[in-house]
Amino acid sequence: MTTSTPLLKDELDIVIPTIRNLDFLEMWRPFFQPYHLIIVQDGDPTRTIKVPDGFDYELYNRNDINKILGPKASCISFKDSACRCFGYMVSKKKYIFTIDDDCFVAKDPSGKDINALEQHIKNLLSPSTPYFFNTLYDPFSEGADFVRGYPFSLREGVPTAVSHGLWLNIPDYDAPTQLVKPLERNTRHVSAVMTIPKGTLFPMCGMNLAFDRDLIGPAMYFGLMGEGQPIGRYDDMWAGWCTKVICDHLGLGVKTGMPYIWHSKASNPFVNLRKEYNGIYWQEEIIPFFQASTLSKDSTTVQKCYIELSNQVKEKLGKVDPYFVKLADAMVTWIEAWDELNPKQGSGKKLPNGSAK
Ligand SMILES: O=c1ccn([C@@H]2O[C@H](COP(=O)(O)OP(=O)(O)O[C@H]3O[C@@H](CO)[C@H](O)[C@H]3O)[C@@H](O)[C@H]2O)c(=O)[nH]1
Ligand SMILES: [Mn+2]
């Protein structure tokens, strides 16, 4: 009896940022075991992270990051889940799925375990529809299609660069919301996947996220957070805003919705408030900046787009706070490090829809 090879088995890495033993992998074993893991160990590099037997993985701690990147390691956050982006950089695969170690297997409305990885792969392997909203949600999903009035000229869609999954139980709320609603739990499994329309930003959460590394990897920099930085818990948000502006420019799609994971524990809202407070204030300037950002037609690769964006960050957000000058420089360092570790990528090869990588 032939068993089917798991989808994208040799083309996808699972990136996990962690400060603890990875017992949670036991429950994911049926879904994750065939895949290669990249574990980014944050915090004290002398700690040993226990990984359950039978998983194929590589593990990087801070000493490894410093050794591999040298001075460029300064762009990788320390003592913050933002460190996970180092895993994206060292991967050699076309796809990435990143998940937090407190995200467990959720059950769908029928009570069946959700294979989050399988759903992300489906999302990534089918086109997105950013130019015209399909009211029956993802037209490429089982039992759905384009509805009447949907232009046939737009039905081919565009390549999907990002698949943003959601969470049952502890929702990804900011600290103020968490403080006023400490007992709120998300019990709603909305069985939908939809493309985020072109020109619309969204709050990208990094705890259940997959993306096409070849299409958008260099834009997935999780910024300067954690130790020594005036901001935290805006790592994934920053990456999401940069990514969406670049996806819109290059004609790539971003999907959100299924799959759901079970987010098992809430982090401390008071600690989170301390990490977030600058971000909550600054984002009232950051969002208009990204909404107004335009990239030139010469920016035909993700790297070129990202460098152009970093110049805009320095010029326009540098006035908000000197932190953004430092961040803009770190964005350039990130691209330099990315290109050093991934020399072939960004060779300007044309993508199906004419934009270049
Ligand atoms: O210093 C640290 C702290 C944690 N990690 C690892 O990162 C993930 C997320 O940690 P945790 O679940 O404790 O934090 P949350 O508040 O639930 O995470 C959300 O906040 C977002 C902003 O960073 C994040 O993407 C969301 O998931 C775990 O795997 C920890 O082990 C770390 O590496 N370093
Ligand atoms: Mn968590």
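Reckoned from all heavy atoms, side chains included, excluding hydrogens, waters and symmetry mates. Whatever order the structure lists them in is the order used to number ligands and atoms, beginning at 1.
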Got the closest protein heavy atom to [atom], with its distance?
{"atom": "atom 22 (C) of ligand 1", "answer": "Asp235 OD1, 3.2 Å"}
{"atom": "atom 29 (O) of ligand 1", "answer": "Pro17 O, 2.7 Å"}
{"atom": "atom 31 (O) of ligand 1", "answer": "Asp101 OD2, 2.6 Å"}
{"atom": "atom 25 (O) of ligand 1", "answer": "Asp236 OD2, 3.1 Å"}
{"atom": "atom 32 (C) of ligand 1", "answer": "Asp42 OD2, 3.6 Å"}
{"atom": "atom 10 (O) of ligand 1", "answer": "Asp100 OD2, 4.3 Å"}

>> Applying a heavy-atom cut-off of 4.0 Å, say which part of Ser81 lies close to ligand 1: side chain, backbone, both or neither.
In response: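 Within the 4.0 Å criterion, Ser81 contacts ligand 1 through backbone and side-chain atoms alike.
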> Taking a hydrophobic cluster as the set of Ile, Leu, Val, Met, Phe, Trp and Tyr residues connected by side-chain heavy atoms closer than 4.5 Å, whether directly or through intermediates, do Tyr57 and Leu8 fall within one such cluster?
Replying inline: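 They do share one cluster, since a chain of ILVMFWY contacts under 4.5 Å joins Tyr57 to Leu8.
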Check ligand 1 against [X] and write out every atom of the ligand that is under 4.0 Å from a heavy-atom position of the residue.
{"X": "Ile19", "value": "2 (C), 3 (C), 4 (C), 31 (O), 32 (C), 34 (N)"}
{"X": "Thr18", "value": "31 (O), 33 (O)"}
{"X": "His263", "value": "17 (O)"}
{"X": "Asp102", "value": "12 (O), 17 (O)"}
{"X": "Arg20", "value": "30 (C), 31 (O)"}
{"X": "Lys265", "value": "11 (P), 12 (O), 13 (O)"}

> Tyr150 vs Phe146 aromatic rings, parallel, tilted or perpendicular, using cut-offs 30° and 60°?
Replying inline: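 The arrangement is tilted - the two ring planes meet at 30° to 60°.
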>> Looking at the Mn ion (ligand 2), is there an N, O or S atom belonging to Asp102 that lies under 2.8 Å away from it?
In response: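 Yes, Asp102 qualifies, because one of its backbone or side-chain N, O or S atoms lies under 2.8 Å.
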> Checking only N/O/S atoms, does His263 have one that is under 2.8 Å from the Mn ion (ligand 2)?
Replying inline: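 An N, O or S atom of His263 is closer than 2.8 Å to the Mn ion (ligand 2), so yes.
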Assess [X] for proximity to ligand 1: is some non-hydrogen atom of it under 4.0 Å away?
{"X": "Gln41", "result": "no"}
{"X": "Arg84", "result": "yes"}
{"X": "Met225", "result": "no"}

>> Quick check on ring pair (Phe, Tyr, Trp, His ring centres under 6.0 Å): which of Tyr234, Phe289, Tyr277, Phe324 does Trp282 satisfy it with?
In response: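 Result for ring pair (Phe, Tyr, Trp, His ring centres under 6.0 Å) with Trp282: Phe324.
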> Is Ile99 close to Phe32 at the side-chain level, that is, under 4.5 Å between some pair of heavy atoms?
Replying inline: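 Touching, per the 4.5 Å side-chain cut-off.
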> Is there a donor in the side chain of Lys255 and an acceptor in the side chain of Ser126, or the other way round, less than 3.5 Å apart?
Replying inline: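 There is such a pair (donor and acceptor under 3.5 Å, judged by atom type) between the side chains of Lys255 and Ser126.
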> Would you say the side chains of Thr160 and Asn123 form a donor-acceptor pair under 3.5 Å?
Replying inline: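 Side chains of Thr160 and Asn123: no pair found under 3.5 Å.
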>> What I want to find out is whether Lys94 reaches Glu11 closely enough, with some N-O distance under 4.0 Å, to be called a salt bridge.
In response: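 No salt bridge links Lys94 with Glu11.
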> What distance do Asn208 atom CG and Tyr260 atom OH have between them, rounded to the nearest 0.5 Å?
Replying inline: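 Atom-to-atom, Asn208:CG and Tyr260:OH are 10.5 Å apart.
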>> How about NZ on Lys50, more than 12 heavy atoms from neighbouring residues, nucleotides or ligands closer than 6.0 Å, or not?
In response: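 Not more than 12 within 6.0 Å, no.
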> Out of Glu227, Glu276, Arg233, whose heavy atom is nearest to atom 19 (C) of ligand 1?
Replying inline: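 The nearest heavy atom belongs to Arg233.
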> Gln229 pairs by side chain to side chain donor-acceptor pair (under 3.5 Å) with which of Lys275, Lys326, Lys79?
Replying inline: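 Result: among Lys275, Lys326, Lys79, Lys326 is the only option passing the side chain to side chain donor-acceptor pair (under 3.5 Å) with Gln229.
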>> As a test of understanding, state which of His164, Lys122, His120, Gln119 forms a side-chain contact (heavy atoms from CB on, under 4.5 Å) with Val193.
In response: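 Answer after filtering His164, Lys122, His120, Gln119: Gln119.
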>> Consider salt bridge (charged side-chain N to carboxylate O under 4.0 Å, His left out). Of Asp100, Asp13, Asp101, Asp236, which one does Arg84 pass it with?
In response: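 Single salt bridge (charged side-chain N to carboxylate O under 4.0 Å, His left out) partner of Arg84 among Asp100, Asp13, Asp101, Asp236: Asp100.
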